[in-house]
Enquirer: 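Below is one structure. I have some questions about it.
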Amino acid sequence: MAVKPTIPKGTRDFLPDEVAKRNYIFNTIRLSFQKYGFRPIETPSFEMSSTLIGKYGDEGDRLIFRILNSGDKLLKADVNALENRELPKFSNSLSEKALRYDLTVPFARFVVQHQNELAFPFKRYQIQPVWRADRPQHGRYQEFYQCDADVVGSESLIYEIDFVLLFDEVLSALKIPDFTIKINNRKILTGIAEVTGESTRIIDLTVALDKLDKIGADGVINELRAKGISESSIQKMKPLFSITGQNEEKLKVMKTFLTSSTVGQKGIEELEYIINTVNELGLNRANLDVDFTLARGLNYYTGAIFEVKANGVNMGSICGGGRYDNLTETFGLKNMSGVGISFGADRIYDVLDELELFPTESENILQVMFVNFGTKEQQRSLKWVQQLRSIGVSCELYPSSNKLQKQMKYANDIKAKFVALIGEEEYENNSIQLKNMETGEQSSTDLNGLLKMFK
RNA sequence: GUGGUUGUAGCUCAGUUGGUUAGAGCACUAGAUUGUGGUUCUAGGGGUCGUCGGUUCGAACCCGAUCUUCCACCCCA
């Protein structure tokens with residue numbers, strides 16, 4: 001016996017029914033992206049390592065899948081680096097390509113490379129898989145799809161507003177009953193760091209603050225202490241731990257807190273404008289929630305920060321996004337502000353599955369299966385099958401004249417809607433029996449009647 | 001990357017203190033039913049017990065390693 005095959009951890013196979021459900025999600029997202037004026041692009045699944053490494057912080061670098069050099073290139077392996085335990089240097093000598101970790105950095109590379117062929121502001125969407133060497137968990141895979149929409153070349157806040165509306169439109173269309181779009185602004189986080197006198201420690205500050213929900217005020221304070229933040233700074237931060245209420249109230253409190261920070265005030269202004277405008281325009285199902293603890297790990301955001309959570313299910317964020325001003329700068333193109341969002345299709349799938357929100361009508365059902373009664377009847381059936389196909393009906397002929405029972409069972413298993421029978425008697429008088437597999441009803445008709453039924 | 005958890009038939013799971021030929025339900029195949037699927041009844045096929053190694057007269061069961069699953073961190077979609 002051969003060895004039982006397996007697939008790598010964090011990856012999955014998809015059966016036809018599952019692909020149909022995934023396409024339902026992709027199609028819904030794609031439709032809305034198009035409607036909001038985004039155009040599709042695609043980029044390679046792997047990039048030069050230098051394009052990706054260093055863009056996601058040390059944690060991110062650790063999770064990038066590297067592609068091993070092949071052939072003679074392996075001879076260039078830096079054995080000295082290995083002996084000196086300089087692992088990053090050693091792996092760079094073994095690998096010059098890597099699987100893409102997200103769609104945003106490859107997009108930045110794309111914009112720089114094609115800058116003279118693009119009209120700015122350039123709006124693109126991209127639906128492709130990404131890979132992370134993460135340890136798998138519920139809703140966390142090593143290969144998963146991201147559905148990104150970004151716009152570069154404009155600082156206008158109308159795009160932030162558009163993206164909030166887009167979140168609302170897509171997730172409402174997918175019938176997710178209750179979800180919250182959390183919004184924050186990196187400038188406010190910068191302001192907080194300024195006011196507390198810890199400008200250089202903004203990452204530590206925001207990472208700790210991000211956990212307020214999970215570990216509570218005391219937990220955050222402990223973490224800040226552990227990171228070496230001074231006691232006086234922690235005291236200054238304390239008012240932040242108890243900000244509650246409506247968005248307007250939260251903004252008011254924060255405005256006072258950030259009085260001395262011009263950056264912080266700018267962040268408040270931006271957030272107010274976005275919230276007020278979205279409120280005027282109205283949302284379908286989304287709750288829009290200002291959350292000053294929202295930090296997100298990616299250290300490239302500079303303005304608005306988004307995160308979307310489905311309520312009532314145990315699942316991490318299903319969407320994220322934000323504004324980044326400097327992303328193309330590392331590839332040599334300055335002053336190109338961008339803002340974008342990402343839908344996590346695989347997590348959305350798990351949410352819809354758990355809440356049983358997928359439509360029952362599948363895209364890949366067979367309309368009609370013709371039963372095979374033998375050589376003569378088979379020839380007639382083939383002709384009628386082609387007739388039906390020519391008017392767009394999905395149908396097929398069973399390949400051999402097995403027992404009728406077996407053919408019926410097959411039709412049942414593949415969930416064919418109708419079974420068509422042309423047996424000896426039907427062959428003689430040019431008729432056909434059509435059986436509805438759901439109701440069990442069966443009736444006789446001719447070719448014209450058949451075509452009419454499916455027109 | 002840290003700590004824990006899981007693995008027995010296609011699927012969901014039993015399996016006595018280590019002791020003959022490892023079981024069930026569902027699924028599958030065939031028949032009951034020679035022009036009718038889903039229900040029912042009968043019979044049948046299918047497992048080197050994740051993998052490699054060790055302890056033992058003897059291992060699904062004990063030990064080690066490794067892979068995988070899920071969970072809490074880290075981080076994130």
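So you know, we letter chains A, B, ... as the sequences are listed, proteins then strands, and number each from 1. The model shown is predicted, which means the values in this text are computed figures rather than measured ones.
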Enquirer: Would you kindly check if the NZ (Lys) or CZ (Arg) of R124(A) is within the cone defined by 45 degrees around the ring axis of F107(A) and under 6.0 Å from the six-membered ring centre?
Expert: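 Yes - R124(A) lies over the ring of F107(A), closer than 6.0 Å to its centre and within 45° of its axis.
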Enquirer: How far does the P atom of G7(B) sit from the matching atom of C61(B), given to the nearest Å?
Expert: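 It works out to 12 Å between them.
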Enquirer: Would you say a side-chain N or O of K409(A) is under 4.0 Å from OP1 or OP2 of C28(B)?
Expert: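 Answer yes for this pair, as a side-chain N or O of K409(A) is under 4.0 Å from OP1 or OP2.
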Enquirer: Mind checking whether Y324(A) and Y300(A) have parallel, tilted or perpendicular rings, split at 30° and 60°?
Expert: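 Taking Y300(A) first and then Y324(A), their aromatic rings stand perpendicular (interplane angle over 60°).
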Enquirer: Looking across every strand, which nucleic acid part, if any, lies under 4.0 Å from E438(A) by heavy atom: base, sugar-phosphate, or nothing?
Expert: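 Since a base atom lies under 4.0 Å of E438(A), the category is base.
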Enquirer: When the ring planes of F418(A) and F454(A) are compared, do they come out parallel, tilted or perpendicular, using 30° and 60° as the limits?
Expert: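 Because their plane-to-plane angle is over 60°, the rings of F418(A) and F454(A) count as perpendicular.
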Enquirer: Give the nucleotide from the list U69(B), G35(B), C75(B) with an atom nearest to the side chain of E425(A).
Expert: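 Of U69(B), G35(B), C75(B), G35(B) is nearest to the side chain of E425(A).
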Enquirer: Using a 4.0 Å heavy-atom cut-off, does G60(A) contact any base of the nucleic acid, only the sugar-phosphate backbone, or nothing at all?
Expert: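 If one applies the 4.0 Å heavy-atom cut-off, G60(A) turns out to touch nothing in the nucleic acid.
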Enquirer: Measuring only the P atom in each nucleotide, how far is A59(B) from G18(B)? A whole number of Å is fine.
Expert: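 Rounded to whole Å, the distance is 13 Å.
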Enquirer: Whether the D350(A) and Y141(A) side chains hold a donor-acceptor pair (N or O, under 3.5 Å, no angle test) is what I'd like checked.
Expert: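 A donor-acceptor contact under 3.5 Å links the two side chains.
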Enquirer: Looking just at side-chain N and O atoms, do E143(A) and T11(A) make a donor-acceptor pair shorter than 3.5 Å?
Expert: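 No, T11(A) and E143(A) have no side-chain donor paired with an acceptor closer than 3.5 Å.
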Enquirer: So what does G10(A) hit on the nucleic acid, given a heavy-atom distance under 4.0 Å: a base, only sugar-phosphate, or nothing?
Expert: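 Counting heavy atoms under 4.0 Å across all strands, the contact made by G10(A) is with sugar-phosphate only.
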Enquirer: Distance between the C1' atoms of A77(B) and A24(B), in whole angstroms?
Expert: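 A77(B) and A24(B) have their C1' atoms separated by 41 Å.
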Enquirer: Could you tell me if R380(A) and Q378(A) have a donor-acceptor pair between their side chains, going purely by distance under 3.5 Å?
Expert: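 R380(A) and Q378(A) do not have a side-chain donor-acceptor pair below 3.5 Å.
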Enquirer: Classify the ring geometry between Y398(A) and Y410(A) as parallel (under 30°), tilted (30 to 60°) or perpendicular (over 60°).
Expert: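 Rings of Y398(A) and Y410(A): perpendicular, over 60°.
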Enquirer: Looking for any heavy atom pair under 4.0 Å, which part of the strands does S342(A) touch: base, sugar-phosphate only, or nothing?
Expert: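 Contact class for S342(A): none.
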Enquirer: Is the aromatic ring centre of F144(A) closer than 5.5 Å to the centre of the six-membered base ring of A77(B), with the two planes inclined by less than 30°?
Expert: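 Yes, aromatic ring over the base.
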Enquirer: Roughly how far apart, to the nearest Å, are A27(B) and U40(B) at atom P?
Expert: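 Between the two P atoms, the distance is 8 Å.
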Enquirer: Reckon Q407(A) has a side-chain N or O less than 4.0 Å from the OP1 or OP2 of G37(B)?
Expert: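 It does not, given that no N or O in the side chain of Q407(A) lies less than 4.0 Å from OP1 or OP2 of G37(B).
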Enquirer: From the list C74(B), A77(B), U36(B), which nucleotide is the closest neighbour of the side chain of K214(A)?
Expert: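 Nearest listed nucleotide: C74(B).
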Enquirer: Would you say R132(A)'s side chain and Q142(A)'s backbone share a donor-acceptor pair under 3.5 angstrom?
Expert: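 No.
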Enquirer: Any side-chain N or O of K403(A) less than 4.0 Å from the OP1 or OP2 oxygen of G31(B)?
Expert: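 Checking K403(A) against G31(B): at least one side-chain N or O falls below 4.0 Å of OP1 or OP2.
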Enquirer: Please state the C1' separation for the pair C52(B) and U20(B) - nearest whole angstrom.
Expert: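 Result for the C1' pair: 27 Å, nearest Å.
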Enquirer: So, under a plain 3.5 Å distance rule, would you say the side chain of E426(A) forms a donor-acceptor pair with the base of G35(B)?
Expert: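 Yes.
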Enquirer: Taking the same atom, C1', in C26(B) and in U39(B), what whole-Å distance lies between them?
Expert: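 It works out to 15 Å between them.
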Enquirer: Please report the distance separating the P of U5(B) from the corresponding atom of U66(B), rounded so that it comes out in whole Å.
Expert: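 To the nearest whole Å, 15 Å.
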Enquirer: Can you see if the side chain of K211(A) gets near the phosphate of C74(B) - specifically, an N or O under 4.0 Å from OP1 or OP2?
Expert: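 Affirmative; the distance criterion is met.
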Enquirer: Under 4.0 Å, heavy atoms only, any strand: does Y145(A) hit a base, just the sugar-phosphate, or nothing?
Expert: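 Touches nothing.
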Enquirer: In terms of side-chain heavy atoms of H138(A), which of C71(B), U69(B), G38(B) is nearest?
Expert: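 So the side chain of H138(A) is nearest to C71(B).
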Enquirer: So for R135(A) and U69(B), does any side-chain atom that can act as donor or acceptor lie under 3.5 Å from a complementary atom in the base?
Expert: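 Donor-acceptor pair under 3.5 Å: no.
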Enquirer: Starting from C1' on G37(B), measure out to CG on L421(A) and report it in whole angstrom.
Expert: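 Distance, rounded to whole Å: 11 Å.
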Enquirer: Could you state the atom-to-atom distance from CD of Q405(A) to C1' of U40(B) in whole Å?
Expert: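 In whole Å, U40(B) C1' lies 13 Å from Q405(A) CD.
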Enquirer: Hey, which sits more toward the 5' end of RNA chain B by its nearest nucleotide, K9(A) or M437(A)?
Expert: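 Here M437(A) is the residue nearer the 5' end.
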Enquirer: A77(B) C1' sits how many Å from L63(A) CG, rounded?
Expert: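 My rounded result for the distance is 13 Å.
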Enquirer: Contact class for Q137(A) vs. all strands (heavy atom < 4.0 Å): base, sugar-phosphate, or nothing?
Expert: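 Base, at least one base heavy atom under 4.0 Å.
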Enquirer: Check whether the side chain of Q442(A) and the base of U36(B) form a donor-acceptor pair under 3.5 Å.
Expert: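 When only heavy-atom distances are counted, Q442(A) does reach the base of U36(B) through a donor-acceptor pair under 3.5 Å.
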Enquirer: How are the rings of F167(A) and F306(A) set to each other: parallel, tilted or perpendicular (split at 30° and 60°)?
Expert: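 Ring orientation of F167(A) relative to F306(A): perpendicular.
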Enquirer: Return one dot-bracket line describing RNA chain B 5' to 3' (Watson-Crick or G-U wobble pairs, both distances under 3.5 Å; ( ) same strand, [ ] crossing, | another strand, . none).
Expert: ((((..(..((((.....[...)))).(((((.......))))).....(((((..]....))))))..))))....
Enquirer: Whole Å only: how far is the CG atom of N372(A) from the C1' atom of G37(B)?
Expert: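 Between C1' of G37(B) and CG of N372(A): 17 Å.
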Enquirer: Any luck finding a side-chain donor-acceptor pair between S443(A) and Q433(A) under 3.5 Å?
Expert: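 No donor-acceptor contact under 3.5 Å links the two side chains.
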Enquirer: Please give, in whole Å, the distance from C76(B) P to K55(A) NZ?
Expert: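 So the two atoms are 17 Å apart, to the nearest Å.
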Enquirer: Nearest-nucleotide wise, let me know which of E424(A) and G139(A) is further upstream toward the 5' end of RNA chain B.
Expert: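 Result of the comparison: E424(A).
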Enquirer: Counting distance alone, no hydrogens or angles: does the base of G37(B) have a donor or acceptor under 3.5 Å from a partner atom on the side chain of K435(A)?
Expert: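 By the distance-only test, yes, there is a pair.
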Enquirer: To the nearest Å, how far apart are E59(A) CD and U2(B) P?
Expert: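 Between P of U2(B) and CD of E59(A): 12 Å.
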Enquirer: Taking the same atom, C1', in C13(B) and in U69(B), what whole-Å distance lies between them?
Expert: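 The same atom, C1', in both gives a distance of 16 Å.
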Enquirer: Using a cut-off of strictly less than 4.0 Å, decide whether K406(A) has a side-chain nitrogen or oxygen near OP1 or OP2 of A30(B).
Expert: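 Indeed, a polar side-chain atom of K406(A) lies that close.
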Enquirer: Kindly compute the distance separating CZ (R225(A)) from OG (S233(A)), expressed to the nearest 0.5 Å.
Expert: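 Atom-to-atom, R225(A):CZ and S233(A):OG are 12.0 Å apart.
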Enquirer: Describe the nucleic acid contact of L404(A) in one word from base, sugar-phosphate, nothing, applying a heavy-atom distance below 4.0 Å.
Expert: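 L404(A): base contact, heavy atoms under 4.0 Å.
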Enquirer: What is the distance, rounded to the nearest whole Å, between atom CD1 of I64(A) and atom P of A77(B)?
Expert: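 About 14 Å, once rounded to whole Å.
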Enquirer: In this structure, how many angstroms lie between the P atom of A77(B) and the CG atom of L352(A), rounded?
Expert: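 Going from L352(A) (CG) to A77(B) (P), I get 19 Å.
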Enquirer: Look at the side chain of R140(A) and the base of C70(B), then say whether one donor and one acceptor between them are separated by less than 3.5 Å.
Expert: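 There is none.
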